[in-house]
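What follows is a single structure, written as structure tokens, with notes after it.
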Number of protein chains: 2
Amino acid sequence: MAAGRRGDVHSESIDNYLKAVLSLGGPEEQRVTSTSLAERLGVAPASVTNMLQKLAAAETPLVEYERHKGVRLSAAGRRRALEVVRHHRLIETFLYEVLDYPIEEVHEEAERLEHFISERFEERIAAKLGHPKIDPHGHSIPTMEGEMPRRESIVLAEVMGVGTYVVESVSDRDAERLRQLEASGITVGARLEVRRGSAAEGYTVRVGRGLGDVEVSGETAREIRVVVGG
Amino acid sequence: MAAGRRGDVHSESIDNYLKAVLSLGGPEEQRVTSTSLAERLGVAPASVTNMLQKLAAAETPLVEYERHKGVRLSAAGRRRALEVVRHHRLIETFLYEVLDYPIEEVHEEAERLEHFISERFEERIAAKLGHPKIDPHGHSIPTMEGEMPRRESIVLAEVMGVGTYVVESVSDRDAERLRQLEASGITVGARLEVRRGSAAEGYTVRVGRGLGDVEVSGETAREIRVVVGG
DNA sequence: TACCTAATTTAGGTATACCTAAATAGCAAT
DNA sequence: ATTGCTATTTAGGTATACCTAAATTAGGTA
């Protein structure tokens with residue numbers, strides 16, 4: 001046994017399911033399918049079904065589940081998911097600011113530690129960092145009360161014409177991609193002049209005040225959020 | 001599945017078995033019985049037997065096990081155990097020095113995190129702390145190479161007559177005890193004047209330059225190491 | 001030496017979180 | 001309304017790490 005008595009469910013694995021539901025549900029918290037969860041989590045769809053049923057049947061259900069209709073988070077599930085995301089982003093910020101990690105390494109370490117730090121640890125690093133609102137990748141850090149401030153920005157892949165944008169955030173999921181973006185100057189706060197492109201063909205952008213043009217694939221463009229202007 | 005393929009064994013649980021064997025074996029690395037391990041780890045003796053057999057049968061055995069004769073660490077087992085102890089003590093030092101934890105809280109947090117930090121994390125906090133040799137409880141921190149510097153000191157419970165001693169280390173296992181010792185001034189580096197006592201009856205000591213006498217139970221005296229003089 | 005007791009091990013079970021393969025349900029197009 | 005495909009679920013298994021209860025073994029004592 002490891003998770004405690006029924007209803008008091010908590011484990012690394014469960015945390016990851018909740019985070020995945022949160023993230024795949026998007027800002028409108030739409031229902032999320034087993035298949036997309038399976039893909040995101042790297043497990044078989046059958047495993048997802050099983051886990052969802054358990055999460056829904058817990059004394060304090062963490063998800064609302066209906067056969068064949070996907071899931072969404074319950075209030076308790078959302079609370080936990082946001083807590084874990086807060087942990088993750090605070091840890092990333094801490095590793096970057098205090099321990100001088102290279103930016104592309106913070107995600108992996110945070111991904112492991114986020115499940116195991118105490119309230120006290122969370123509170124202490126937050127204090128040490130001056131209660132930051134944004135992590136090193138430009139993502140907002142949920143508050144202690146479990147609110148995640150929304151920010152209006154668009155995915156670069158949705159940009160249609162030419163124009164100037166400022167990078168709001170860059171996904172941390174792929175370290176290699178991060179390293180390349182870093183190398184071409186596409187980092188949080190950078191100014192991007194989109195020269196031409198589309199989601200299908202990729203983009204040509206000029207970064208800052210021009211070290212030449214940079215090619216951004218459509219796939220990569222989906223991992224970058226920008227705000228208009230600059 | 002969680003531990004990886006046979007021989008590549010690693011888990012929180014295994015770490016704890018190895019640490020327990022290291023600590024119960026003492027500096028001479030004597031064989032350790034299943035019963036004492038069971039007691040230390042808070043599991044049934046049968047569970048210990050099972051785990052020891054697995055650890056001994058792994059592709060890279062972590063313990064040397066002989067039925068009915070207890071176990072000792074193999075070279076690989078000792079390496080891992082010392083790595084975890086190094087993690088533990090570096091984390092404690094870090095929490096105390098950098099995150100201003102109260103001393104009696106560092107152990108619990110370190111006990112959880114020690115299993116999950118990366119080489120990089122270990123290296124970064126060590127650097128931040130100036131490669132400390134001693135943790136906040138006075139225990140030596142194993143080196144990166146897996147050496148644990150021995151220090152000559154005796155357990156307070158072995159002190160026979162009166163005399164003056166300096167506190168070398170205090171066990172961190174029991175937070176409540178630590179708090180009490182802290183309160184009566186029995187902390188690392190403190191001077192103890194032993195007035196009378198024995199392991200059986202407990203000790204009466206004067207701390208620093210006398211805020212009155214303090215009673216130390218025999219049990220507590222087993223958790224304090226001292227060096228002669230002062 | 002035969003016995004006894006305590007320590008240890010074996011045997012058989014539980015829960016978690018995963019898997020594969022087989023069944024079923026939803027839904028769109030004929 | 002039937003077909004057919006895909007998504008999803010059910011059924012049955014694996015490994016880990018624990019448990020209890022029932023052997024067994026070691027080692028001292030009569």
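Predicted, not measured: the structure shown is a model, and the values here were computed from it. FYI, side chains are in, hydrogens and waters are out, and symmetry mates aren't considered; it's all heavy atoms of this structure.
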Specify the separation, in whole Å, of atom [atom1] of [X] and atom [atom2] of [N].
X     : N      : atom1 : atom2 : answer
A:R31 : C:dG26 : CZ    : C1'   : 15 Å
A:L37 : C:dA17 : CG    : P     : 15 Å
B:N16 : D:dA17 : CG    : P     : 11 Å
A:K69 : C:dT24 : NZ    : C1'   : 17 Å
B:L41 : D:dT16 : CG    : P     : 18 Å
A:Y65 : D:dA7  : OH    : P     : 16 Å
A:N50 : D:dA7  : CG    : C1'   : 16 Å
A:E66 : D:dA7  : CD    : C1'   : 16 Å

Original post:
Given B:R86, which of B:E92, B:E114, B:E122, B:E147 fulfils the salt bridge (charged side-chain N to carboxylate O under 4.0 Å, His left out) condition?
Top reply: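 Of B:E92, B:E114, B:E122, B:E147, salt bridge (charged side-chain N to carboxylate O under 4.0 Å, His left out) with B:R86 is met by B:E122 alone.
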Original post:
For B:S140, does its backbone N or O pair with a side-chain atom of B:R89 as donor and acceptor, under 3.5 Å?
Top reply: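 Judged by distance alone, yes, a pair lies under 3.5 Å.
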Original post:
Are the side chain of B:E109 and the backbone of A:S118 linked by a donor-acceptor contact shorter than 3.5 Å?
Top reply: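 Side chain of B:E109 to backbone of A:S118, a donor-acceptor pair under 3.5 Å: yes, one is there.
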Original post:
Tell me, which of residues 17-25 of chain A have any heavy atom that sits under 4.0 Å from an atom in DNA chain C?
Top reply: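 By residue number: A:Y17.
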At 4.0 Å (heavy atoms only), tell me whether [X] reaches a base, stays on the sugar-phosphate, or touches nothing.
X     : answer
B:S34 : sugar-phosphate
B:G70 : nothing
B:S13 : sugar-phosphate

Original post:
What do the steps show when you test A:R40 against A:S23 for side-chain hydrogen bond (donor to acceptor under 3.5 Å, both in side chains), and what is the final call?
Top reply: CA-CA 10 Å; A:R40 169 67 70 99; A:S23 131; 3.0 Å; yes
Of the options [options], whose atoms approach the side-chain atoms of [X] most closely?
X     : options                : result
A:I14 : D:dT9, C:dT9, C:dA17   : C:dA17
A:K54 : C:dA17, D:dA17, C:dT10 : C:dA17
B:V43 : D:dT9, D:dA17, D:dC18  : D:dC18

Does [X] [atom1] have over 12 foreign heavy atoms under 6.0 Å away?
X      : atom1 : value
A:Y96  : OH    : no
B:E104 : CD    : yes
A:R31  : CZ    : yes
B:E152 : CD    : no
B:E39  : CD    : no

**OP:** Identify, between B:L52 and A:M51, the residue whose nearest nucleotide on DNA chain C lies closer to the 5' end.
**Re:**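 With B:L52 and A:M51 compared, the 5'-side residue is B:L52.
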**OP:** Using the six-membered ring wherever Trp is involved, compare the ring planes of A:F121 and A:F94 and label them parallel, tilted or perpendicular (cut-offs 30° and 60°).
**Re:**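 Correct class here is perpendicular.
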Original post:
What does nucleotides 21-29 of chain D look like as a protein-contact string, B for base, S for sugar-phosphate only, - for none, at under 4.0 angstrom between heavy atoms?
Top reply: B---SS---
Original post:
Can you tell me the Watson-Crick or wobble partner of D:dA30, both distances under 3.5 angstrom?
Top reply: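 C:dT1 - that is the nucleotide pairing with D:dA30, both distances being under 3.5 Å.
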Subject >> N or O in side chain of A:S47 less than 4.0 angstrom from C:dA17 OP1/OP2 >> reply: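 So the side-chain polar atoms of A:S47 never come under 4.0 Å of the phosphate oxygens OP1 or OP2 of C:dA17.
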Original post:
According to a strict under-4.0 Å criterion, is B:S11 in side-chain N/O contact with OP1 or OP2 of D:dA17?
Top reply: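 Yes.
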